[in-house]
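Notes to accompany the following structure.
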Amino acid sequence: MSKVVVYVSEVNEPSKKVIELLDEYKITYQIKNVTENKTYLQDLQNKGIYGTPATEIDGDFVLGFQKNKLKYALGLDDVSHYSSLFDGFNS
């Protein structure tokens with residue numbers, strides 16, 4: 001099972017969507033709120049990441065809500081992570 005950490009700064013639509021996707025697939029995750037804990041913010045910034053949501057999956061990051069990229073990184077989909085370019089075209 002993958003280790004998943006979702007960095008958020010506040011409740012916003014992209015963060016909600018990431019959490020909803022993880023809940024839908026019953027993925028265990030930890031939420032780190034960078035507004036409430038500045039250490040989390042420093043951790044992200046030390047990795048060159050300055051925005052949220054940032055989802056860390058086994059040490060790799062997916063920034064924002066990129067449904068296909070998240071599913072691929074979690075092993076839920078065998079589609080290339082580049083398919084995120086086409087999110088929303090079949091909706």
Side-chain angles (χ1 to χ4, degrees):
M1 174 159 285
S2 297
K3 180 180 178 191
V4 179
V5 178
V6 182
Y7 291 85
V8 298
S9 55
E10 56 188 42
V11 178
N12 56 42
E13 197 59 32
S15 294
K16 285 181 191 177
K17 287 183 176 186
V18 168
I19 292 167
E20 287 171 2
L21 177 78
L22 296 173
D23 287 344
E24 176 183 347
Y25 288 97
K26 298 179 180 24
I27 303 295
T28 302
Y29 59 91
Q30 177 184 9
I31 294 178
K32 293 187 175 182
N33 189 315
V34 301
T35 303
E36 295 173 1
N37 187 328
K38 298 302 179 192
T39 302
Y40 298 150
L41 178 61
Q42 288 177 329
D43 291 345
L44 274 183
Q45 290 176 346
N46 289 339
K47 295 174 184 175
I49 299 171
Y50 296 90
T52 59
T55 306
E56 183 177 13
I57 303 167
D58 293 332
D60 293 322
F61 281 88
V62 176
L63 304 180
F65 176 68
Q66 298 182 65
K67 183 178 181 176
N68 290 338
K69 201 169 192 177
L70 284 164
K71 287 174 65 176
Y72 180 77
L74 291 164
L76 302 172
D77 199 345
D78 60 359
V79 177
S80 165
H81 62 280
Y82 293 109
S83 64
S84 63
L85 297 171
F86 302 102
D87 275 354
F89 283 99
N90 293 329
S91 298

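Computation of the quantities below employed the complete heavy-atom set of this structure, encompassing side-chain atoms and omitting hydrogens, waters and symmetry-equivalent molecules.
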Discussion item. Checking T35 against L41 for the side-chain contact (heavy atoms from CB on, under 4.5 Å) test, could you report, in this order, the C-alpha distance in whole Å, the side-chain angles of both residues, the deciding distance, and whether it holds?
Written reply: CA-CA 8 Å; T35 303; L41 178 61; over 6 Å; no
Worksheet item: Going through the checks in order, is the side-chain contact (heavy atoms from CB on, under 4.5 Å) test met by T28 and V4?
Response: CA-CA 7 Å; T28 302; V4 179; over 6 Å; no
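To the nearest 0.5 Å, atom NZ of residue K17 and atom CD of residue Q66 are 12.5 Å apart.
Both L22 and V62 are members of a single hydrophobic cluster when ILVMFWY side chains are connected at heavy-atom separations under 4.5 Å. If you chain together hydrophobic residues whose side chains sit under 4.5 Å apart, L76 and F61 never meet in one group.
Checking side-chain atoms of D58 against main-chain N and O of S2 turns up no donor-acceptor pair under 3.5 Å. Side-chain atoms of S15 never come within 3.5 Å of backbone atoms of V8 as a donor-acceptor pair (strictly under, hydrogens ignored). In terms of modelled atom types and a separation under 3.5 Å, the side chain of N46 and the main chain of Q42 share a donor-acceptor contact.
L70 places a side-chain heavy atom less than 4.5 Å from the side chain of I57. In this structure, F65 and E13 have side chains that are not in contact, with every pair of non-hydrogen atoms separated by 4.5 Å or more. By the 4.5 Å heavy-atom criterion applied to side chains, L21 and K67 are counted as neighbours. At least one side-chain heavy atom of T52 sits less than 4.5 Å from a side-chain heavy atom of L44. Residues K69 and L63 form no side-chain contact, since every pair of their non-hydrogen atoms from C-beta on lies 4.5 Å or further apart. Counting only heavy atoms from C-beta outward, the side chains of I49 and D43 never approach each other to under 4.5 Å. The shortest side-chain heavy-atom distance between T55 and V5 does not fall under the 4.5 Å cut-off.
Sorted by first and then second residue, the salt bridge (Lys or Arg N to Asp or Glu O under 4.0 Å) pairs involving residues 44-57 (not counting sequence neighbours) are K47-E56.
The aromatic rings of Y7 and Y40 lie perpendicular to each other, with more than 60° between the two planes, well past the 30° mark.
By the side chain to side chain contact (heavy atoms under 4.5 Å, CB included) test, I19 is found to be paired with D23, Y29, I31, residues two or more places apart in sequence or in another chain being considered.
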